[in-house]
K.L.:
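Let me begin by handing over the structure; questions about it come next.
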Amino acid sequence: MSGASDRAETNWILRHPMYQQMKELQVGDCEQIHAAFLAFMDLTEVRRWKEVSCVKIPELQVVLLEAKEKDGAPIHTVLPLPVHRSLNHRSIRQVLDRGFPMLLCAVASDSTLVYQRMTDGLVTPDPPVGPFEDVGRRQHRKRRQQR
């Protein structure tokens, strides 16, 4: 194959219709657009989320994804960002104020994606599931009683 056709095959992302749609939003940050596209591919091809679309938040100059985990589920907002990009409370607040549950998607340079659910306020975590025992505390109690 020639060098030109090799480059064309490796740049399939640049020709993808959703990538083109994200570029048309004109956020000006190519890394964030790339992160949004990788999150889009993960949500649609791996996790099989439904109705995945992209929107722009002009104040933040970012591409957000809106999607449903399954048919009939509520819409979630996904904020994909490269891992080195900073985020402040005001930015998170602007996304949460849209009224949808929010997922922050950190995208590493090796295309690893990590999702973190963000909420409006504190949420008590679910207790761990499984055959867990607090062995350390029991042994400490036994030692204290033996003294």
K.L.:
Roughly how far, to the nearest 0.5 Å, is the NZ atom of Lys68 from the CZ atom of Phe100?
P.N.:
9.5 Å
K.L.:
Heavy atoms only: give me the nearest Val52-Met18 pair and the separation to one decimal.
P.N.:
O-CE, 4.0 Å
K.L.:
Has Arg117 got more than 12 heavy atoms of other residues, nucleotides or ligands less than 6.0 Å from its CZ?
P.N.:
no
K.L.:
Side-chain contact, heavy-atom cut-off 4.5 Å: Arg93 with Asp120?
P.N.:
yes
K.L.:
I would like to know whether Arg85 and Val62 meet side chain to side chain contact (heavy atoms under 4.5 Å, CB included); could you show each step before the answer?
P.N.:
CA-CA 11 Å; Arg85 177 123 176 232; Val62 295; 3.4 Å; yes
K.L.:
For the residue pair Tyr19 and Ile13, what are the closest heavy atoms and their distance?
P.N.:
CB-O, 3.2 Å
K.L.:
List the atom of Gln32, the atom of Val63, and the distance in Å for their closest heavy-atom pair.
P.N.:
OE1-N, 2.8 Å
K.L.:
Can you see which heavy atom on Val95 is nearest to which on Met102, and at what distance?
P.N.:
CG1-SD, 3.5 Å
K.L.:
Between Leu64 and Arg98, is there a side-chain heavy-atom distance shorter than 4.5 Å?
P.N.:
yes
K.L.:
Mind listing the closest non-hydrogen atom pair of Ser91 and Leu87 along with its distance?
P.N.:
CB-CD1, 3.7 Å
K.L.:
Does atom NE2 of His89 have more than 12 heavy-atom neighbours from other groups under 6.0 Å away?
P.N.:
no
K.L.:
Please tell me if the side chains of Met22 and Leu65 come closer than 4.5 Å, counting only heavy atoms from C-beta onward.
P.N.:
yes
K.L.:
I'd like to check Pro82 versus Val107 (side-chain heavy atoms, cut-off strictly below 4.5 Å). Are they in contact?
P.N.:
no
K.L.:
Assigning hydrophobic clusters by single linkage (Ile, Leu, Val, Met, Phe, Trp, Tyr; side-chain heavy-atom cutoff under 4.5 Å), is Val83 placed with Met41?
P.N.:
no
K.L.:
Look only at the side chain of Gln61 and the backbone of Pro58, and say whether a donor-acceptor pair between them is shorter than 3.5 Å.
P.N.:
yes
K.L.:
Is any side-chain heavy atom of Lys23 closer than 4.5 Å to one of Leu14?
P.N.:
no
K.L.:
Measure across Pro80 and Ala36 and return the closest heavy-atom pair with its distance rounded to 0.1 Å.
P.N.:
CG-CA, 3.4 Å
K.L.:
Might you work through the side chain to side chain contact (heavy atoms under 4.5 Å, CB included) test for Tyr115 and Val78, ending with a clear yes or no?
P.N.:
CA-CA 9 Å; Tyr115 294 93; Val78 180; 4.2 Å; yes
K.L.:
In terms of hydrophobic clustering (I, L, V, M, F, W, Y; side-chain heavy atoms under 4.5 Å; direct or indirect links), are Trp49 and Leu38 co-clustered?
P.N.:
yes
K.L.:
For His76, does the NE2 atom sit with more than 12 other heavy atoms under 6.0 Å from it, leaving out its own atoms?
P.N.:
yes
K.L.:
CD of Gln20: more than 12 outside heavy atoms within 6.0 angstrom?
P.N.:
yes
